[in-house]
Amino acid sequence: MKIMIAGAGSVGRYMSEQLASFGHEVTLIDSRADALTPQRVPAGIRTILGDACEVDVLDAAGAASADVMASVTGDDEDNLVISLLAKQEFAVPRVVGRVNNPRNEWMFTDMWGVDVSVSTPHLLTALVEEAVTVGALIRILSFEQGRTQLSEVTLAPTSPAVGRTIGELGLPREDMVVAVVRDGHVVRPNEDLTLQGGDEVLLLIGVDGENSVRSALIGQ
Amino acid sequence: MMRQSRLDLAMEQPAASIAFERIADVRARTRTIVCGTVVRVKTRRSTSVPSIEVALEDPSGTAFAVWPGRSTIPGVGLGGRMLIEGVASETSRGFVFLNPSYRLLPER
């Protein structure tokens with residue numbers, strides 16, 4: 001796949017190295033010459049010195065035939081502009097936008113060209129919450145522009161789900177238990193698996209599915 | 001220098017003389033101009049920012065255009081005819097132009 005990455009900071013450089021090692025054709029764009037030196041960027045990665053917010057630069061970098069545009073600069077405004085241009089001018093099939101300040105996350109939607117937004121602070125917070133919180137629904141990751149959510153609940157001893165099987169939970173079709181982690185082991189979530197206090201339940205939840213999950217697993 | 005869309009360049013040209021292609025002949029990711037009648041106008045409101053989505057129909061099919069950040073476009077309404085220029089993405093429901101250039105045409 002042809003992947004374009006805007007922003008050759010530590011995130012962009014790491015991504016380009018990883019993706020190139022998987023066999024993808026990677027182009028890395030940055031406006032700073034010192035970010036694109038051979039010492040910083042491994043061989044085999046095409047580099048473009050220029051402002052990725054300019055259509056001509058994206059064009060020269062090959063946006064017209066790129067499969068993915070990942071805008072991962074440290075500036076949210078730039079990431080939004082680059083994402084919009086990638087979708088509007090080049091119809092890049094998959095546009096990924098990095099959100100540095102979680103307060104800006106609401107803007108990174110398909111309306112502005114972003115197919116997937118990734119907010120590292122948000123992800124870190126969710127993972128911290130997931131590790132320490134019992135009896136609450138933690139949203140870890142969104143798919144499909146937020147229409148599907150990967151979430152986690154660690155069952156409190158008082159959870160209405162303790163002692164019931166997954167089948168007995170009566171969750172709607174849009175919600176699916178995808179894994180249960182018990183004592184450090186992943187347990188397959190069969191319909192007749194009986195849930196215990198302390199189980200970490202991982203779910204894929206569709207739009208409007210959270211209320212059902214909350215009442216079944218938390219009791220709200 | 002910014003690439004200029006052909007419509008922007010053709011502002012001096014009468015709209016009726018601008019060449020366009022059939023919606024059925026549109027290829028994804030290739031800059032093109034299509035001409036059609038507005039058959040649906042939908043305003044979406046995601047968080048506090050609106051967007052307007054138009055379904056444009058010509059004898060060969062339907063395409064969609066989305067303009068973010070606004071809830072109306074003056075002069076664009078059901079039954080109106082317009083030219084749009086842009087690069088279409090292929091989606092499950094058809095071709096979608098994000099923020100295309102456009103010119104309104106007089107009613108037939």
Colleague: Are more than 12 heavy atoms from other residues, nucleotides or ligands located less than 6.0 Å from atom CD of B/E57?
Modeller: yes
Colleague: Can you confirm whether A/R188 is buried at CZ, in the sense that more than 12 heavy atoms of other residues, nucleotides or ligands lie under 6.0 Å from that atom?
Modeller: no
Colleague: Decide if atom CZ of A/R103 counts as having more than 12 heavy atoms of other residues, nucleotides or ligands within a radius under 6.0 Å.
Modeller: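 Check fails, neighbour count at 12 or below.
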Colleague: Counting C-beta onward and ignoring hydrogens, is there a side-chain heavy-atom pair between B/V49 and A/M111 closer than 4.5 Å?
Modeller: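 SC-SC contact between B/V49 and A/M111 confirmed.
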Colleague: Specify the closest pair of heavy atoms between A/A91 and B/S89, including all atoms of both residues, with the distance to one decimal.
Modeller: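 Scanning both residues completely, I find the closest heavy atoms to be CB-OG, 3.3 Å.
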Colleague: How close do B/V87 and A/Q88 get, counting heavy atoms only, and between which atoms?
Modeller: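 Looking at all heavy atoms of both residues, the closest pair is CB-O, 3.8 Å.
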Colleague: Does atom CZ of A/R94 have more than 12 heavy-atom neighbours, drawn from other residues, nucleotides or ligands, at distances under 6.0 Å?
Modeller: no
Colleague: If only atom types and distance count, is the side chain of B/R29 paired as donor or acceptor with the main-chain N or O of A/E89 below 3.5 Å?
Modeller: no
Colleague: Does CG in A/D208 sit with more than 12 non-hydrogen atoms of other residues, nucleotides or ligands closer than 6.0 Å?
Modeller: no
Colleague: Out of curiosity, B/L98 CG to A/D110 CG, how far, rounded to the nearest 0.5 Å?
Modeller: 9.0 Å
